[in-house]
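Naming convention: chains lettered A, B, ... in sequence-line order (proteins, then strands); numbering from 1 in each chain.
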Amino acid sequence: MRPERYNAKEAEPKWRETWADQAVFQTRNDDPRPKYYVLEMFPYPSGRIHMGHVRNYAMGDVVARYKRARGFNVLHPMGWDAFGLPAERAAIDRGIHPKAWTYENIATMRSQLQSMGLSLDWSRELATCDPSYYKHQQRLFLDFLKAGLVDRKTAKVNWDPVDQTVLANEQVIDGRGWRSGALVESRELTQWFFKITDYAQDLTDALDTLERWPEKVRVMQRNWIGRSEGLKIRFALDSETLPPDGPGPELEIYTTRPDTLFGAKFMAVAPDHPLAKAAAARDPKLAAFIEECRRTGTAAEAIETAEKQGYDTGIRAIHPFDSSWQLPVYVANFILMEYGAGAIFGCPAHDQRDLDFVNKYGLGNLPVVCPPDQDPATFVVTDVAYDGDGRMINSRFLDGLTIDEAKEEVARRLTAETRDGSPVAERKVNFRLRDWGISRQRYWGCPIPVIHCEACGTVPVPADQLPVTLPEDVSFERPGNPLDHHPTWKHVPCPSCGAPARRETDTMDTFVDSSWYFARFTDPQLADAPVNRAEVDHWLAVDQYIGGIEHAILHLLYSRFFTRAMRACGYAGLDEPFAGLFTQGMVVHETYRAADGSWLQPSEIRIESEGGQRRAMHLGTGATVEIGSIEKMSKSKRNVVDPDDIITSYGADTARWFMLSDSPPERDVIWTEEGVQGASRFVQRAWRLVGEIADLSGSSANGTGRSVEATAVLKAAHRALAGLEEDVERLRFNRCVAHIYELANALQAQLAAARGNGSLEALGPAFREAGRIFVQVLAPMMPHLAEECWQALGHDGLVAQAPWPALDRSLLVEEAIVLPVQVNGKKRADVSVARDADAAAVEAAVLADEAVRRALDGRAPKKIIVVPQRIVNVVV
RNA sequence: GCGGGCGUGGCGGAAUCGGUAGACGCGCCGGACUCAAAAUCCGGUUCUGGCGACAGAGUGUCGGUUCGACUCCGACCGCCCGCACCA
């Protein structure tokens with residue numbers, strides 16, 4: 001006996017068990033069907049899943065289930081990005097070991113994810129904190145080291161004083177640590193780096209090939225890599241003015257505007273440039289100035305507001321085209337040692353920073369590019385530098401050239417000229433991208449597998465000694481790196497000479513862990529190698545990757561580098577790990593604030609609406625609560641809805657359905673109680689609809705022809721099917737939802753009509769066919785309900801394994817069509833014509849129409865435009 | 001400052017190879033069923049005028065192209081996101 005109401009609480013666990021028992025979602029590597037790899041960014045095991053996870057994984061699951069039904073061998077795995085600082089913080093705050101904390105969280109979150117009914121292959125589950133995973137990561141590190149892709153060097157790095165660790169450039173947002181939010185400091189440390197800059201050119205070029213990536217992400221990566229073309233020029237220095245013990249009688253600069261060389265007014269070097277240091281040795285005031293720069297230079301906020309400041313070193317540079325032309329060399333606070341040559345020539349008329357600088361120090365400016373609409377004789381620059389197009393002026397042999405021609409001419413002359421046997425200038429492509437610093441002074445991460453020996457230097461841990469495992473008996477009582485404080489762990493013999501040596505105590509940035517997990521999923525049980533090359537080449541690239549925009553640069557850039565590095569070491573045969581990328585929007589919610597200013601959870605209040613006015617009341621006190629702005633769900637604003645609560649009270653299908661409806665997936669979705677209830681209503685409506693269809697006496701189709709009514713029923717189903725196919729492929733889930741609603745509406749109306757005119761019996765087969773399609777298009781989004789419906793309709797097996805229904809395109813065309821008719825571009829009537837009616841027939845029908853005649857009001861049409869099967873416009 | 005995106009009913013949003021603006025959902029209004037409530041079902045819902053058929057206006061603003069513009073072009077206004085002393 002079929003219950004009247006669908007009971008998600010009973011049905012959902014039952015179907016999940018069935019899927020698990022039959023291993024429906026386990027993927028076999030030897031399956032001959034075409035592959036499809038769909039992956040959502042794996043979660044950090046923070047404790048509980050949140051609505052953002054629900055949205056992310058619901059989207060991925062729709063794609064996975066749809067592609068599976070379409071006959072693909074789908075790989076849809078899940079794992080845990082399990083190393084990271086929060087585990088250490090839990091250890092410090094609550095005395096629980098990071099490992100225990102992490103695995104407890106994984107257990108909780110795994111069961112939460114499982115309650116969503118995701119079609120995941122759990123047999124491939126992995127956790128990056130497991131030695132069976134990080135062992136291979138250490139192996140990759142050693143291979144990269146051997147291949148020259150790893151560097152250990154002293155560099156100025158970002159130090160997070162709260163998390164007590166170094167951060168990569170990508171992990172500093174607005175001058176603050178991406179996790180801690182603390183202002184980062186600049187420190188000079190010896191660190192391990194991955195040489196991502198070796199691939200800078202390729203990483204920027206290949207962005208053009210990533211057609212199925214959001215334009216926004218590609219632009220962000222391109223800007224981050226920051227490729228520029230310019231000229232490296234060696235300026236000679238006047239030996240009279242040189243400091244003793246300086247770096248030599250010349251200064252190398254980098255410029256992208258060699259065309260403006262005749263507008264030069266000064267030279268400037270970074271405060272930590274060798275020439276600045278040498279000059280400071282003879283000038284205490286300069287030394288003080290450099291010290292001042294260093295102090296303000298660390299905080300990014302200070303940089304933004306800092307005034308341009310400089311100090312004249314007394315050194316004079318000689319213009320490369322005029323040996324009698326001397327330029328003062330300044331140390332300036334706005335020059336970065338890390339970029340280009342750490343030195344520039346300043347052309348104030350055409351660079352705002354340089355202009356601000358000369359206006360402060362009274363050095364003047366000379367325009368050398370004249371805008372097209374200006375007279376070269378009168379064009380002057382005062383406060384606003386001109387960086388637009390134009391022709392060269394005041395520039396001797398460059399006069400009259402365009403900017404590009406002038407750049408080329410300067411490059412041609414200076415690269416041909418030599419001093420001391422070397423060219424004075426060199427064409428140079430420069431990048432903003434820096435090498436990826438991966439050393440972290442933390443415990444809960446993948447140990448860097450090297451040993452420091454006094455005699456042998458830095459010695460890699462031999463491959464047969466991997467993994468270098470983390471010690472479990474660590475203390476978090478002292479600040480700093482627990483591995484460094486461990487009494488015995490770091491003391492090991494040198495693998496090379498056997499003398500007492502010291503293990504590297506830094507661990508790897510957790511972004512290393514997530515840079516190759518997608519490759520490991522292709523064969524996660526593999527014990528003796530990071531990956532199986534054949535499987536990697538078969539499964540990668542990931543066909544559809546889905547995750548948050550916050551990884552636009554970080555994870556997505558690192559993974560692109562890592563795949564290239566793996567290729568260089570023979571682990572992969574391709575460069576780009578993610579062929580299709582989709583970045584989903586956030587889940588946002590209203591905020592609620594009590595009279596005392598404290599934030600209230602949605603579960604603590606009740607919304608009442610009267611005449612369109614919504615009012616919030618506190619459940620306990622009944623006090624009025626202020627309804628605040630809609631914001632990202634966050635603990636601080638307490639506007640969080642726990643997925644567990646929704647799944648418990650409404651079921652997973654309702655939660656999934658609501659997540660996919662309404663908002664386009666790339667935009668933020670507003671979580672509302674009304675919306676969830678609407679979704680829940682539809683679950684019951686779909687169940688009733690299928691029930692009614694199941695109850696139709698299933699007499700097989702009698703006769704051969706289909707009645708007009710039967711065709712109408714099937715047309716509705718196939719229209720929804722066609723729409724769904726198109727929109728799932730384009731990840732437009734909100735439209736998929738709309739197609740399903742339309743089909744439900746149509747079937748309901750047609751059932752009522754058939755009941756009214758007694759044709760229900762005859763239409764049984766058509767309704768059953770349409771009902772089957774309805775259940776199948778529903779299945780990717782509401783898989784549990786769909787199974788229950790599938791069974792109710794009497795179908796064998798699981799809808800999760802049923803092949804996708806074949807679309808009958810002949811049902812998509814209409815025989816008689818209703819054409820809108822415009823008169824002078826305004827819609828005045830509808831006329832019904834045969835599908836294949838020719839223009840003359842359409843015109844005749846239009847002119848015969850009463851409403852058209854009224855609109856024409858006796859005027860003769862000048863022209864009639866007939867767009868076949870679309871519209872008619874009568875022009876008078 | 002540079003780069004990217006977006007402006008459509010009370011709300012989320014459809015419609016972009018130029019061809020019926022407002023699909024679908026939420027909310028709201030009215031009705032049916034019920035002792036009542038819930039649930040469900042039916043109808044309405046861009047604005048203005050009209051009982052109505054209907055008429056006029058309407059996709060941030062102004063202008064242009066076109067038989068026809070949410071869609072294309074130009075100028076502007078507003079919002080969101082990213083980057084930012086990168087030479």
Inset, instruction - Report which part of the nucleic acid A/Val867 touches: base, sugar-phosphate, or nothing (heavy-atom distance under 4.0 Å, all strands). - result: base

Inset, instruction - Describe the nucleic acid contact of A/Thr255 in one word from base, sugar-phosphate, nothing, applying a heavy-atom distance below 4.0 Å. - result: sugar-phosphate

Inset, instruction - Assess the side chains of A/Tyr741 and A/Ser661: does a donor N or O sit below 3.5 Å from an acceptor N or O? - result: no

Inset, instruction - Using a cut-off of strictly less than 4.0 Å, decide whether A/Arg667 has a side-chain nitrogen or oxygen near OP1 or OP2 of B/C81. - result: no

Inset, instruction - Using a 4.0 Å heavy-atom cut-off across all strands, classify A/Asn734 as base, sugar-phosphate, or nothing. - result: sugar-phosphate

Inset, instruction - Find out whether the Lys NZ or Arg CZ of A/Lys308 is both under 6.0 angstrom from the six-membered ring centre of A/Phe357 and within 45° of the ring's axis. - result: no

Inset, instruction - Have a look at A/Arg434 and say if it touches a base, only the backbone sugar-phosphate, or nothing, with a 4.0 Å heavy-atom cut-off. - result: nothing

Inset, instruction - Tell me what A/Tyr741 touches on the nucleic acid: a base, only sugar-phosphate, or nothing, going by heavy atoms under 4.0 Å. - result: sugar-phosphate

Legend entry - Pairing pattern in dot-bracket form [Watson-Crick, G-U; both distances under 3.5 Å; | = partner strand] for RNA chain B: (((((((..(((......[....)))((((((.......))))))((((....))))..(((((..]....))))))))))))....

Inset, instruction - For A/Gly678 and for A/Arg854, find the nucleotide of RNA chain B with the closest heavy atom, then tell me which residue's nucleotide is more 5'. - result: A/Gly678

Inset, instruction - Consider the side chain of A/Gln822, meaning its heavy atoms from C-beta on, and name the nucleotide among B/G12, B/A21, B/G25 that approaches it most closely. - result: B/A21

Inset, instruction - Specify the separation, in whole Å, of atom CD of A/Gln352 and atom P of B/A87. - result: 15 Å

Inset, instruction - Just call it for A/Glu674: base, sugar-phosphate, or nothing, with non-hydrogen atoms closer than 4.0 Å on any strand. - result: sugar-phosphate

Inset, instruction - Could you say whether A/Phe334 or A/Thr672 is positioned toward the 5' end of RNA chain B, judged by the nucleotide with the nearest heavy atom to each? - result: A/Thr672

Inset, instruction - Looking at every strand, decide which applies to A/Gly675 at a 4.0 Å heavy-atom threshold: base, sugar-phosphate, or nothing. - result: nothing

Inset, instruction - Give a yes/no on whether any side-chain N or O of A/Asn745 is located under 4.0 angstrom from OP1 or OP2 of B/G25. - result: yes

Legend entry - Which nucleotide in B/C86, B/A21, B/C26 has an atom nearest any side-chain atom of A/Arg353: B/C86

Legend entry - For atom CE of A/Met337 and atom C1' of B/A87, their distance in whole Å: 13 Å

Inset, instruction - Taking syn as within 90° of 0 and anti otherwise, name the glycosidic form of B/G9. - result: syn

Legend entry - A/Lys216 side chain, from C-beta outward: closest of B/G12, B/C81, B/C86: B/C81

Legend entry - N or O in side chain of A/Lys826 less than 4.0 angstrom from B/A57 OP1/OP2: yes

Legend entry - Touch class at under 4.0 angstrom, heavy-atom based, for A/Ile335 against every strand present: base

Legend entry - Nucleotide nearest A/Gln748 (side chain, heavy atoms from C-beta), chosen from B/A57, B/A55, B/C41: B/C41

Inset, instruction - Take A/Arg755 and A/Glu692, measure what salt bridge (Lys or Arg N to Asp or Glu O under 4.0 Å) needs, and give me the verdict at the end. - result: CA-CA 11 Å; A/Arg755 200 171 286 118; A/Glu692 284 184 57; 2.7 Å; yes

Inset, instruction - Measure from the side-chain heavy atoms of A/Arg688 and tell me the nearest of B/C17, B/C83, B/U40. - result: B/U40

Inset, instruction - Could you tell me whether the phosphate oxygens of B/G56, OP1 or OP2, come under 4.0 Å of any side-chain nitrogen or oxygen in A/Arg828? - result: yes

